[in-house]
Amino acid sequence: MTAARMIIVVAVTWVVLTVLFVAPSALPATWQYYIYSPAGVGLWMLAMLFGPVITVVLKWNWIRHG
């Protein structure tokens, strides 16, 4: 059960980060330049790598005990 909850936490984290990355596409084109800049995309990629690790650490009590 622990592995299943860990997979759920990682999947939800990735979904939330993806939605947050796509959401600014509704903004005007002048704002999109700053949000989708190379630095912004790089930070998003780092968040995709380290975000699940951080959420697993923060939710470890729930993952472990339910």
Side-chain angles (χ1 to χ4, degrees):
M1 192 63 160
T2 303
R5 287 187 182 165
M6 196 175 304
I7 291 170
I8 289 169
V9 168
V10 170
V12 168
T13 303
W14 281 341
V15 167
V16 168
L17 287 171
T18 303
V19 168
L20 288 174
F21 187 71
V22 173
S25 63
L27 293 172
T30 55
W31 289 32
Q32 290 180 13
Y33 172 78
Y34 298 106
I35 294 171
Y36 296 126
S37 67
V41 173
L43 288 172
W44 176 77
M45 291 170 80
L46 284 173
M48 290 293 277
L49 287 174
F50 295 112
V53 174
I54 294 169
T55 54
V56 165
V57 168
L58 292 176
K59 294 294 185 181
W60 184 249
N61 194 27
W62 176 79
I63 291 169
R64 188 90 193 232
H65 302 293

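These figures come from a predicted structure and were not determined experimentally.
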Name every donor-acceptor pair, under 3.5 Å, that has one atom in a side chain of residues 19-37 and the other anywhere in the protein, sequence neighbours excluded.
| residue | atom | partner | partner atom | Å |
| --- | --- | --- | --- | --- |
| Ser25 | OG | Val22 | O | 2.7 |
| Gln32 | NE2 | Ser25 | O | 2.8 |
| Gln32 | NE2 | Leu27 | O | 3.0 |
| Tyr36 | OH | Phe21 | O | 2.6 |
| Tyr36 | OH | Ser25 | N | 3.3 |
| Ser37 | OG | Tyr34 | O | 3.2 |
| Ser37 | OG | Gly40 | N | 3.3 |

Side-chain donor-acceptor pairs under 3.5 Å in residues 55-66, sequence neighbours left out?
| residue | atom | partner | partner atom | Å |
| --- | --- | --- | --- | --- |
| Thr55 | OG1 | Thr13 | OG1 | 3.1 |
| Thr55 | OG1 | Gly51 | O | 3.2 |
| Thr55 | OG1 | Pro52 | O | 2.9 |

Hydrophobic cluster (4.5 angstrom, side-chain heavy atoms) - remaining members for Val53: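 Members other than Val53 - counting any ILVMFWY side chain reachable under 4.5 Å - there are none.
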Among Ile, Leu, Val, Met, Phe, Trp and Tyr joined by side-chain contacts under 4.5 Å, find the other residues sharing a cluster with Ile7 and list them by chain and number.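 Listed partners: none, Ile7 stands alone.
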Tell me every residue that passes side-chain contact (heavy atoms from CB on, under 4.5 Å) with Met48, counting only those two or more places apart in sequence or in another chain.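 Once residues adjacent in sequence are excluded, the partners of Met48 under the side-chain contact (heavy atoms from CB on, under 4.5 Å) criterion are Trp14, Leu17, Thr18, Trp44.
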